[in-house]
Amino acid sequence: MKKVGFIGWRGMVGSVLMERMGEEKDFLKMESYFFSTSKGGEEAPVVANGYPKVLSSTDLKELMKMDILVSCQGGEFTLEMHPALRNSGWKGYWIDAASTLRMKSDSVIILDPVNRHIIQDSISKGMKDFIGGNCTVSLMLIALHGLFKADLVEWVSSMTYQAASGAGAKNMLELLAQMQTVGNKYGANPALGALEMEKEVNSLIASDSFPKANFGHPLALNILPWIDSEMPNGQSKEEWKAQVEANKILQTQKEIPIDGTCIRVGALRCHSQAMTIKLTKSVELATVESLIAEANPWVKLIPNNKAETLKKLTPASVSGTLNIPIGRVRKMTLGDQYLNAFTCGDQLLWGAAEPLRCTLRMLV
Ligand code: HSE
């Protein structure tokens, strides 16, 4: 059995990964070792074939004994330890949730439902670094998989509605604290009129005492149309990732333009995206729908009607599931080749942990 080391298994993505591996009985297929920056020597989580003590994640010698390392520890750890391991001659497989190595020429961006054949091919070619994609990119590609497979996508413009979880666990808690602060002060006060209430709430969320250490701004009762750092061309880094990562995942011959505006909203753990798709040619809507619906086991086509959309195509209904619903699929008034669509997906499952788990399963 392969020796697999886990780093960052207590964080949010790591915890979701552990939970999924437990559900799928993955631990039976490997020997598991748990590494930590701060908990070395403590009792490790109890899993089948698990080593009982936590090892130090800066112990190069112990890390080098592993056949596979799975890191959910974040970019800084990757930046420091990945070159240290490779420079010391470690030849094992590196599976990582962080973006650090994604665009390197010798890494593969993994998204099992969409590019399993590329992952398999890369393993047989001897590639060693397998990196999870950006969450919005992965969720979009699973949703639009059928159209990409049929070479029907000329370009995509995607406007995202990204949940607090994408910014981290502290940010999720901060969103709730912000909501609580407003709720505690103004919860259902019929004595105040709506306009008077709005004025007071707006000055509360703008005040210095409002909890916003992590976001830096109110997210409750607000939206934040910038995610990640600034790029020289005016895109945010999150927006930049869409095109470069999607084309790398799909290994397109000709670059497909993908661009839009990425926006943080007050959802907790599901990212949504409204997409305008320019098709490469005119295709009947029924054909488009069946291509989308049949592309992989996870995508779920939601008929374009109000009742089913509001029931099945929302962050609240998708949270905690592996389903990737896509709906609002219709031809736009812009022209016959312009398609409208909306999709939702769990940021921590297919958006982060699940692609890592699938590749780990392939490797063991
Ligand atoms: N960058 C994403 C976000 C996280 O901020 O929502 C997942 O890749």
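The shown structure was predicted, so the numbers you read here are calculated from the model rather than taken from an experiment. The first residue in the sequence is number 1, and the count goes up from there. Remember, it's 1-based here, ligands and their atoms both numbered in the order they're listed.
- Using cut-offs of 30° and 60° for the angle between ring planes, the Phe130 and Tyr93 rings count as tilted.
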For a quick test of your reading: what N or O donor-acceptor pairs under 3.5 Å do the side chains of residues 198-205 make, sequence neighbours left out?
residue : atom : partner : partner atom : Å
Glu200  : OE1  : Tyr186  : OH           : 3.0
Ser203  : OG   : Glu200  : O            : 3.2

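- Applying the side-chain hydrogen bond (donor to acceptor under 3.5 Å, both in side chains) rule to pairs touching residues 215-230 yields Asp228-Lys241, sequence neighbours excluded.
- Across every non-hydrogen atom of Ala143 and Ile292, the tightest pair is O-CG2, 3.7 Å.
- Between the Asn49 side chain and the Leu28 main chain, a donor and an acceptor come within less than 3.5 Å of each other.
- Residue-ligand proximity, Glu238 to ligand 1, at heavy-atom distances under 4.0 Å covers atoms 1 (N), 2 (C), 3 (C).
- Close contacts of ligand 1 with Ile227, meaning ligand atoms under 4.0 Å from a residue heavy atom, involve 5 (O).
- For the ligand labelled ligand 1, residue Lys241 lies outside the 4.0 Å heavy-atom shell.
- Close contacts of ligand 1 with Gln347, meaning ligand atoms under 4.0 Å from a residue heavy atom, involve 4 (C), 7 (C).
- Any N or O atom pair closer than 3.5 Å counts here, and Gly133 shares no such pair with ligand 1.
- Here the heavy atom of the protein found nearest to atom 7 (C) of ligand 1 is Cys135 SG, 2.3 Å.
- Shown in contact with Arg264 at under 4.0 Å from a heavy atom are these atoms of ligand 1, numbered in order with element: 3 (C), 5 (O), 6 (O).
- Remark: the backbone N or O of Leu322 is paired with a side-chain donor or acceptor of Trp350 at under 3.5 angstrom.
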